[in-house]
Amino acid sequence: MKKGDHLFLVDGSGYIFRAYHALPPLTRKSDGLPVGAVSGFCNMLWKLLREARDTSVRDTPTHFAVIFDYSSHTFRKQIYPEYKANRSAPPEDLIPQFGLIRQATKAFNLPCIEKEGFEADDLIATYARMAEEAGAEVTIISSDKDLMQLVTPNVSMYDSMKDKQIGIPDVIEKWGVPPEKMIDLQALTGDSTDNVPGIPGIGPKTAAQLLEEFGDLDQLLARAGEIKQQKRRENILQYAEQARISRQLVTLKKDTPIDVGIEDFSLEPQDGRKLIAFLKTMEFNSLIKRAAEATGVDASAIQPAPLKIEAVAEAHGPDVDIASAPATIGEASPAINLAVGSPKQSASNGAATPADLAKSRTDEILAAKFDRSAYATIRDMATLQVWIDEAMASGIVAFDTETNSADPMQAEVVGLSLATRPGRAAYIPINHKSGDGDLLGGGLVEHQIPEQDVFRLLKPLLEDRSVLKIAHSMKYEWLVMHRHGIDLHPVDDTMLISYVLDAGEGSHGMDSLCDRWLGHTPLAYKDLIGSGKSSVTFDKVAIERATEYAAEDADITLRLWRLLKPRLVADGLVSVYERLERPLIPVLARMEERGISVDRQILSRLSGDLAQSAAAIEEEIYQLAGEKINIGSPKQMGDILFGKMGLPGGSKTKTGQWSTSAQLLEDLAAEGHELPRKIVDWRQLTKLKSTYTDALPGYINPRTKRVHTSYAMAATSTGRLSSSEPNLQNIPVRTSEGRKIRTAFIAEPGNKLISADYSQIELRVLAHVAEIPQLTQAFADGIDIHAMTASEMFGVPVKDMPSEVRRRAKAINFGIIYGISAFGLANQLSIPREEAGQYIRTYFDRFPGIRDYMESTKAFARQHGYVETIFGRRAHYPEIRSSNPQHRAFSERAAINAPIQGSAADIIRRAMVRMEPALNEAKLSARMLLQVHDELIFETSEVEVEATIPVIQDVMQNAAMPAISLAVPLQVDARAANNWEEAH
DNA sequence: GTCCGACCGTA
DNA sequence: TTACGGTCGGACG
């Protein structure tokens, strides 16, 4: 070796661990052998060697070697027996890769160096010194801080994963000291992963500052008495010896006895056949292709090399006997997978198609068993930090919070679980209380990390943009975390992924997905907390039980994610998920968090009025019925009306009871019967009272004084949201009595509510998807759509049209959207079935495109089992091929409705996702509070109302663009007022 | 105590 | 004739 030569030294052992955690897991397709780290290693070598042939790259190697640890039994153990004693066993799926990486090195025709009793770092230090003395340049391929002490003007490091060169200035920038002082710095700070003690309370910043002040460790220890901070001075004096031992441990040995000299590292030509044979064994298809091209070897003519899985003596834990755990092909840990969609995702595993990947992922996941006893309980901050580091390194973590309430606006966190790999999960108990105890319900259980410490440690992880957080129902987690000052991102939600994939195929709850996909029944929540009167909140659950339950949930979530996420790609649903579902999580969470102000007094007064009116009607009903019966019981009312009084009964319900529906009672009232009218009125009043005026005040949050609904993102088959607790999507509006309830929904003083709603959005969507020229024209001209329909059908001029004619046309238009039947239309309009059938035929004659749309939609649904919205969202109808004609007909109507209702739902979702950025852009402070399918409710200060309305309208009217250019314009009406009734 | 059907509020 | 959720009564265990 001579001046001008350039030696590359790869820290093979360091690379394995880093690659294992940083790269997406990968298994050999044919048998599940874990090869993720091997793949990363081969790709790195390929890149380094390719650059070696590329003369345009300055730092090309002339000499090359890969260095490995031999075992953890090194001379350092003699100095300090605890050295590296806290290392846990390497992950099971990493063990077989130790040997494979050595084989890879040989396949690349590179020297593979290791020596008993020494670490790779010592060999690297020795070779670097020798090369430098010979006048050559050295590049160490590693980012390990332990090697930074070796950096000189002639020796630099290279972080292959970050593609970053590390020279003297980089060391100073990172650690605050030059390379030659790294030893002293490490001696002071110690190293928890290697169990190097250091001095307590001294971290890198303090160490750098002290070394700056005192020059070096010896000076510092000699003059420690001069240190002003008492605690720090005491620690340094007390632990001086520990620092000296630490210095010995971290100092790399530059005179390791070597068996192979640096002259033997001279870079040899690539042996294409040997390399390709190995790559074939590993099934690294893209590398095979590149290697064949570069070496001019015909890859198809080469057989895979026989695979030898060696028992490698590279022990990374004190108690691991690798020799007893050699991996055999086919028996490798199956729980290894490619991380599709993670922020740290790499390009590809060479699998054929997304569908193949989804399939192989399914097989792998199913092979992994659940073991609740393997879950860890985290009770101290050091252990928590280890898990956080692991999550940081892997780039993916599934988590689940356990709380004492289903309401995220009130819930207190009881504990939190994490999963980093299938089967590897832990629970952090935080607020578990003892079951018995005093009147206050018992105190905090011992050995739990204080809540604020847990969140302080977790915050960087939960907010790290390079770590994907996965939860089942992320909106809940987002809200709980946000209340602790954490802005959770980026995220994935397994419930929403399932929803996008399988809307209409049953529930998307974790338990049912776990059963459906993983063939596993998780611990039941009810079994932990009990039920009914004897139930307890989660904080009373024993921590051991809670660990099994909570960690299992995180584990399941991670496994479901690995299974379901690739299906998004395979089924072409990525953009539905990423544009219509995932971004809505924080938007809806903020809406729920804001809530809306509801006036207790107004509701209370209304409730009193309703009670009085109902009581008066009650008396009249008892008079008319001749006895005191329960008016609220349809069974009892039916018996009175159709039994005792002998009124002509209409239909019966499927349980054999007389139907007492409002429609039927209205018909009887029209015939002059008094009692049915009274019952209808009574029902209306009591409905308004019990469902709204009495129930709503109970939802006013005591802390915020506002009502916070909860939106379900994955509840409907069509893509609509649903609202519950309370349901704010069914607040009365039709009758004047009911509308009064809306006056209780108010803006804060100085503010207004703005209501903005799409006009006829579903008919507009119908005009677009069914391509109906008359409808399109009518919407373009802005004329009354129902009057136009009536005019087309009945030949009546729009001008001076009788309201009854228009009403019928309107009913038909709605009927079309609902997948019309003569039976249904006849019911709706109270006309004979024959007449309704004639209407429908006339409609189809006038608008043949509608019939074509309905027929083609049914045919599509029969063929595929689902239908699609204009944005590609799917709604599944498994019963569309049912042999039961009723079930089949129902599915057909639903399938006709879904693309229309669902496309409208998609449009308003798009508007909601864009709304906040648009308002921010316009420097407006309006807050979106509610969504009612085609309406958005905002609250904003009075002075901004005028400027806000056009922005809202603009976003809503253009929400389909640019993905879809609708054949009809969207119209949005908006109004501002002090309460919802006046704004609507 | 839990579940289901009838009924009815919304889009 | 589509999509929901809440309340009630009544039957079940």
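Remember, it's a predicted structure, so these values are computed and weren't measured experimentally. Per chain, numbering begins at 1; letters A, B, ... match sequence-line order.
Listed by first then second residue, pairs satisfying ring-ring contact (aromatic ring centres under 6.0 Å, His included) with a partner in residues 676-700 of chain A number zero, not counting sequence neighbours.
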For nucleotides 1-4 of chain B, print each protein N/O atom paired with a nucleotide N/O atom at under 3.5 Å, atom names and distance only.
none

List, with names and distances, any nitrogen or oxygen atoms from the protein found under 3.5 Å away from nitrogen or oxygen atoms belonging to nucleotides 9-13 of chain C.
{"unit_1": "C/dG9", "atom_1": "OP1", "unit_2": "A/Asn630", "atom_2": "ND2", "d": "3.3"}
{"unit_1": "C/dG9", "atom_1": "O3'", "unit_2": "A/Ser633", "atom_2": "OG", "d": "3.1"}
{"unit_1": "C/dG10", "atom_1": "OP1", "unit_2": "A/Ser633", "atom_2": "OG", "d": "2.5"}
{"unit_1": "C/dG10", "atom_1": "OP1", "unit_2": "A/Gln636", "atom_2": "NE2", "d": "2.9"}

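Take A/Ser891 and apply the side chain to side chain donor-acceptor pair (under 3.5 Å) test, not counting sequence neighbours, and it matches no residue. Here A/Ala669 pairs with A/Arg677 under the side-chain contact (heavy atoms from CB on, under 4.5 Å) rule; sequence neighbours left out. Qualifying side-chain contact (heavy atoms from CB on, under 4.5 Å) partners for A/Pro832, counting only residues two or more places apart in sequence or in other chains: A/Glu834, A/Glu835. Considering only residues two or more places apart in sequence or on other chains, A/Glu771 meets the side-chain contact (heavy atoms from CB on, under 4.5 Å) condition with none of them.
Residues from residues 884-903 of chain A that place a heavy atom under 4.0 Å from any atom of DNA chain C, listed by number: A/Phe890, A/Arg893, A/Ala894, A/Asn897, A/Gln901. Residues from residues 758-769 of chain A that place a heavy atom under 4.0 Å from any atom of DNA chain C: there are none. Using a 4.0 Å cut-off on heavy atoms, the residues of residues 722-732 of chain A that approach DNA chain B are A/Gln729, A/Asn730, A/Ile731, A/Pro732, listed by number. DNA chain C is contacted by no residue of residues 846-869 of chain A, taking any non-hydrogen atom closer than 4.0 Å. Contacts between residues 651-668 of chain A and DNA chain B, defined by a heavy-atom separation below 4.0 Å, involve A/Thr653, A/Lys654, A/Thr655, A/Ser659, A/Thr660, A/Ser661, A/Ala662, listed by number.
No contact: A/Phe814 has no heavy atom under 4.0 Å from any strand.
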